[in-house]
Number of protein chains: 2
Amino acid sequence: MAHSHSNEHDLMDLRAKLRGKDRRITKPREEILELLGKEDHPISAKIIHEKLEGSCNLVTAYRSLKMLESMNLVKRFDFGDNTARFELICCNDKAHHHHLICNDCRTVVEIEECFDPKMESRIAQKHGFRNVTHQLEFFGLCSSCQTA
Amino acid sequence: MAHSHSNEHDLMDLRAKLRGKDRRITKPREEILELLGKEDHPISAKIIHEKLEGSCNLVTAYRSLKMLESMNLVKRFDFGDNTARFELICCNDKAHHHHLICNDCRTVVEIEECFDPKMESRIAQKHGFRNVTHQLEFFGLCSSCQTA
DNA sequence: TAATTAATGCAAAAGACTTGCATTTAAAGC
DNA sequence: GCTTTAAATGCAAGTCTTTTGCATTAATTA
Ligand SMILES: [Mn+2]
Ligand SMILES: [Mn+2]
Ligand SMILES: [Zn+2]
Ligand SMILES: [Zn+2]
């Protein structure tokens, strides 16, 4: 998705959202948001904890991510390896997107393309569901891994 | 997907595939295949172990499912709750399909519809990937859970 | 029936994530 | 600033899914 690495302006926005919900702006939370703002692809709680080296406990990372997710500041992705990964939902980025993951080296490519939204509403209507969303990820062999 | 519950014929097929690969047809494996043949939706290793009550150890369920997956007899699905679920790949069913899951009661609906395969090949080509597949699941609120 | 070796089952471990609880700290009021 | 108070943190311990080591069992083949 070629994230235009979130800037100060974005983080201000996020802080405002937090304030408006009786939530506190803590050092760990600021650091998580700042780190996520710099990342190009979803990262796990463990990676966040490692990169934040000392300034954010692993448990705090899990708790913060869950909270940020519930506030729609962060999106959770599942690459099928029992490890949740998270991306910042930036105002200037397209929030909804997908990924292409190499089955071998685990390289991640951001995918902006998506199918016609009519398919989703058709499915929702047909089965009487509301608020239907989807999770879509592509898997394959990247060019490096094809040769090896 | 309205599985046409796999019959004897299917299971014979599966046994043949196993034999051809130096694999043994054991009681737990037969029971897992037979059970999966009766299910309408993907089920977890734990559920398999529970339903097979005594005739298949949980570890054996995990090991068998992994093996069956590697032989393309079974497909793994991920409904975003840290629990892998498996479905039999039946000859007479459409192997490739998706699901619609209620975020509240976890009801599962089989979805046959899929997007234009051209999108997938376009993405593969654009990024130099080969053997690209996808995982797509829909989530929403089923009609019962909307009222509650 | 005996030999071979894949598959099983138990126990233990690994790994992701959660929870309880005492301590710290952000932020609101004075 | 100083005090108050409730949210957030960090540690330890727990849960839950999945994996691994190893001795035992059992499917296949001769
Ligand atoms: Mn992304
Ligand atoms: Mn299905
Ligand atoms: Zn690769
Ligand atoms: Zn429901």
Side-chain angles (χ1 to χ4, degrees), chain A residues 11-12 14-35 42-71 73-87 106 135, chain B residues 11-12 14-35 42-71 73-86 106:
Chain A
L11 287 181
M12 298 278 269
L14 303 181
R15 289 197 194 96
K17 278 195 191 176
L18 281 178
R19 282 221 182 73
K21 285 234 182 185
D22 256 347
R23 319 226 80 137
R24 294 176 182 181
I25 293 134
T26 63
K27 191 172 152 239
R29 287 177 186 178
E30 287 210 304
E31 301 221 7
I32 290 174
L33 288 173
E34 197 195 331
L35 174 57
I43 56 176
S44 67
K46 193 178 157 222
I47 296 292
I48 288 173
H49 167 242
E50 284 168 8
K51 290 210 179 188
L52 257 35
E53 173 102 24
S55 53
C56 177
N57 183 270
L58 180 59
V59 175
T60 300
Y62 279 114
R63 279 195 276 232
S64 298
L65 287 165
K66 180 172 279 188
M67 189 233 83
L68 292 169
E69 188 189 12
S70 80
M71 295 190 66
L73 294 180
V74 140
K75 190 164 181 338
R76 172 191 304 254
F77 292 96
D78 191 332
F79 291 177
D81 61 351
N82 312 330
T83 307
R85 271 161 241 253
F86 300 84
E87 251 182 36
R106 299 268 119 194
Q135 276 275 160
Chain B
L11 287 182
M12 298 277 270
L14 303 181
R15 290 198 194 93
K17 277 195 191 175
L18 281 178
R19 282 221 182 73
K21 284 233 184 187
D22 256 347
R23 318 224 79 137
R24 294 176 182 178
I25 292 136
T26 65
K27 191 173 152 237
R29 287 178 186 177
E30 287 210 304
E31 301 221 7
I32 290 174
L33 289 173
E34 197 195 331
L35 174 57
I43 56 176
S44 68
K46 194 178 157 222
I47 297 290
I48 289 174
H49 167 241
E50 283 168 9
K51 291 210 177 187
L52 258 34
E53 174 100 24
S55 54
C56 177
N57 183 269
L58 180 59
V59 175
T60 300
Y62 278 112
R63 279 195 277 232
S64 298
L65 288 165
K66 182 171 278 188
M67 188 232 84
L68 292 168
E69 187 189 13
S70 80
M71 295 190 66
L73 293 180
V74 140
K75 192 165 181 330
R76 172 191 303 253
F77 292 96
D78 192 333
F79 291 177
D81 62 350
N82 312 330
T83 308
R85 270 160 242 253
F86 301 84
R106 299 269 118 193

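Sequence lines set the chain letters: A, B, ... in the order given, protein chains first and strands last, and positions in each chain run from 1.
- The NE2-P distance, from A:His49 to C:dG15, rounds to 16 Å in whole Å.
- In terms of modelled atom types and a separation under 3.5 Å, the side chain of A:Arg76 and the main chain of A:Ala84 share no donor-acceptor contact.
- Among the nucleotides D:dT18, C:dT8, C:dA11, the one closest to the side chain of A:Asn82 is D:dT18.
- Among the nucleotides D:dT18, D:dT9, D:dA12, the one closest to the side chain of B:Thr83 is D:dT18.
- Taking side-chain N and O atoms only, A:Tyr62 has a distance below 4.0 Å to OP1 or OP2 of C:dC17.
- Using modelled atom types, one side-chain atom of A:Thr83 and one backbone atom of A:Asp81 make a donor-acceptor pair closer than 3.5 Å.
- Neither OP1 nor OP2 of D:dT18 sits under 4.0 Å from any side-chain N or O of B:Lys46.
- At whole-Å resolution of the value, CZ in B:Arg23 and C1' in C:dT5 are 13 Å apart.
- As judged by a 4.0 angstrom heavy-atom cut-off over every strand, A:Arg63 is placed among the base-contacting residues.
- Side-chain atoms of A:Arg24 come within donor-acceptor range of the base of D:dA6, with a qualifying N/O pair under 3.5 Å.
- Distance from the side chain of A:Arg29 is smallest to D:dA8 among C:dT18, D:dT19, D:dA8.
- Remark: side-chain polar atoms of B:Ser64 are paired, donor with acceptor, to backbone N or O of B:Thr60 under 3.5 angstrom.
- Note that the CG atom of B:Leu65 and the OG atom of B:Ser44 stand 9.0 Å from one another [nearest 0.5 Å].
- Taking atom CG of residue A:Leu68 and atom C1' of nucleotide D:dA8, one finds them 13 Å apart after rounding to whole Å.
- In the set C:dA7, D:dT18, D:dA12, C:dA7 carries the atom at the smallest distance from any side-chain atom of B:Thr26.
- Atom pair A:Leu58:CG and D:dA12:P shows a separation of 13 Å (rounding to whole Å applied).
- Toward the 5′ end of DNA chain D lies the nearest nucleotide of B:Asp81, the other residue of the pair B:Arg19 and B:Asp81 mapping further downstream.
- Atom pair B:Glu31:CD and C:dA7:P shows a separation of 17 Å (rounding to whole Å applied).
- Distance, A:Lys27 NZ to D:dA7 C1': 18 Å, rounded to whole Å.
- Judged by the 6.0 Å distance and 45° axis criteria, A:Lys66 is not positioned over the aromatic ring of A:Tyr62.
- Note on A:Ala45: nothing from the nucleic acid sits closer than 4.0 angstrom, heavy atoms only.
- As rounded to whole Å, 11 Å separates atom P of D:dT9 from atom CD of A:Glu30.
- Rounded to an integer number of Å, the gap from CG of A:Asn57 to C1' of C:dT18 is 13 Å.
- When heavy atoms are screened at a 4.0 angstrom cut-off, A:Ile25 is found touching the sugar-phosphate backbone but no base atom.
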